[in-house]
Amino acid sequence: MNTMRILLFGLAVLPLAGCAQGPQSAEAPPFKPVATVLDIMESLVGHMATDVFASVGTVIDEKGTHEIVPKDDEAWAEVRFAAMGLAETGNLLMFPTRAKDQGDWLMFSQQLVDRSVVAAKAAEAKDAGALLDAGGQIYETCTACHMKYIPADPQ
């Protein structure tokens, strides 16, 4: 029902979209970054990555082997949302005021986008194996980036 409402709304508004636009501007939109890289990592990346990583796995304990997978459509959707949000954080990290350099930083940020989209597609398909693999790829990207950009503890 909601899909039908969205479709009808889109069809009603689409013809008006061309009329509402003014002259096209060559200027970049007035982005206004307010968070630091650390803010993004702690408030967004950390939480969404944890949601993706914790969504699938295997636990072996004294009672046996237990598979962890999202339990219902809503849980799968939440994992997909987390993965899509994680993908968008890669874009946030590419803002010129945040990018540490134009080489590896941008490569790792783009990998975060691409690999998180793969995770989102796996969640949408309800494919726990593909989601586990995608989560591993995201983890590898994060680890490689941290090894390059987070200074080693001097102790």
Side-chain angles (χ1 to χ4, degrees), residues 2-3 6-7 9-11 13-59 68-70 73-155:
N2 284 336
T3 303
I6 292 169
L7 180 61
F9 177 76
L11 290 173
V13 173
L14 187 60
L16 300 175
C19 298
Q21 291 180 342
Q24 296 294 322
S25 173
E27 293 181 36
F31 292 118
K32 190 175 179 181
V34 295
T36 67
V37 169
L38 184 60
D39 291 335
I40 292 168
M41 293 295 177
E42 290 183 352
S43 66
L44 299 172
V45 175
H47 292 279
M48 289 182 280
T50 298
D51 289 348
V52 171
F53 298 155
S55 67
V56 292
T58 303
V59 174
I68 299 168
V69 296
D73 290 347
E74 184 178 339
W76 280 106
E78 289 299 320
V79 175
R80 182 185 172 278
F81 296 147
M84 290 302 289
L86 192 56
E88 287 298 345
T89 64
N91 289 318
L92 293 174
L93 295 170
M94 288 189 265
F95 270 65
T97 57
R98 295 187 183 116
K100 303 295 182 190
D101 58 51
Q102 296 296 304
D104 287 343
W105 184 269
L106 294 182
M107 178 194 67
F108 291 135
S109 297
Q110 188 60 55
Q111 280 181 354
L112 181 59
V113 172
D114 296 341
R115 292 174 174 185
S116 297
V117 168
V118 170
K121 288 179 181 178
E124 187 171 6
K126 299 177 185 156
D127 186 336
L131 182 56
L132 183 64
D133 291 342
Q137 293 292 311
I138 293 167
Y139 182 80
E140 287 178 9
T141 296
C142 294
T143 300
C145 187
H146 292 180
M147 289 183 72
K148 174 148 187 165
Y149 293 101
I150 296 177
D153 188 7
Q155 296 178 2

Subject >> Pairwise distance OG1(Thr143) to NE2(His146) - rounded to 0.5 angstrom >> reply: 7.5 Å
Subject >> Between CZ on residue Arg80 and OG on residue Ser116, distance to nearest 0.5 Å >> reply: 12.5 Å
Original post:
Taking the side chain as C-beta and beyond, is there a heavy-atom pair between Leu44 and Leu92 under 4.5 Å?
Top reply: yes
Subject >> ring-ring contact (aromatic ring centres under 6.0 Å, His included) pairs, two or more places apart, involving residues 81-100 >> reply: Phe31-Phe95
Original post:
Does any non-hydrogen side-chain atom of Thr58 lie less than 4.5 Å from one of Ile68?
Top reply: no
**OP:** Tell me, please, which residues at least two apart from Asp39 pass side-chain contact (heavy atoms from CB on, under 4.5 Å).
**Re:** Ala35, Thr36
Original post:
Closest heavy-atom contact between Val69 and Ala128?
Top reply: CG1-CB, 3.7 Å
Subject >> Contacts of Ala125 that satisfy side-chain contact (heavy atoms from CB on, under 4.5 Å) - sequence neighbours left out >> reply: Asp127
Original post:
Would a 4.5 Å heavy-atom cut-off, applied to side chains only, mark Met48 and Thr89 as touching?
Top reply: yes
Original post:
If every non-hydrogen atom of Phe53 is compared with every non-hydrogen atom of Gly135, which pair is closest and at what distance?
Top reply: CE2-O, 3.3 Å
Subject >> Atom pair NZ/OG1 of Lys32 and Thr97 - distance to nearest 0.5 Å >> reply: 13.0 Å
Subject >> Minimum heavy-atom distance between Ala99 and Gln102, given as atom pair plus value >> reply: CB-NE2, 4.3 Å
Subject >> Beyond-backbone contact of Ile138 with Leu112, side-chain heavy atoms, under 4.5 angstrom >> reply: yes
**OP:** Determine the minimum heavy-atom distance between Leu131 and Ala119, stating which atoms define it.
**Re:** CD1-O, 3.5 Å
Original post:
When rounded to the nearest 0.5 angstrom, what distance separates SG in Cys142 from CZ in Arg115?
Top reply: 9.5 Å
**OP:** Work out which heavy atom in Ser55 is nearest to a heavy atom in Pro70; give both atom names and the distance.
**Re:** O-CD, 3.3 Å
**OP:** Tell me yes or no: between the side chains of Asn91 and Glu88, is some donor less than 3.5 Å from an acceptor?
**Re:** yes
Subject >> Atom pair CE/CE of Met94 and Met107 - distance to nearest 0.5 Å >> reply: 12.0 Å
Original post:
Can you find a heavy atom in the side chain of Leu93 that is under 4.5 Å from one in the side chain of Phe108?
Top reply: no
Original post:
If you round to the nearest 0.5 Å, how far is NZ of Lys148 from NZ of Lys100?
Top reply: 13.0 Å
**OP:** Considering non-hydrogen atoms only, spot the tightest contact between Ala49 and Leu86 and give its length.
**Re:** CA-CD2, 4.0 Å
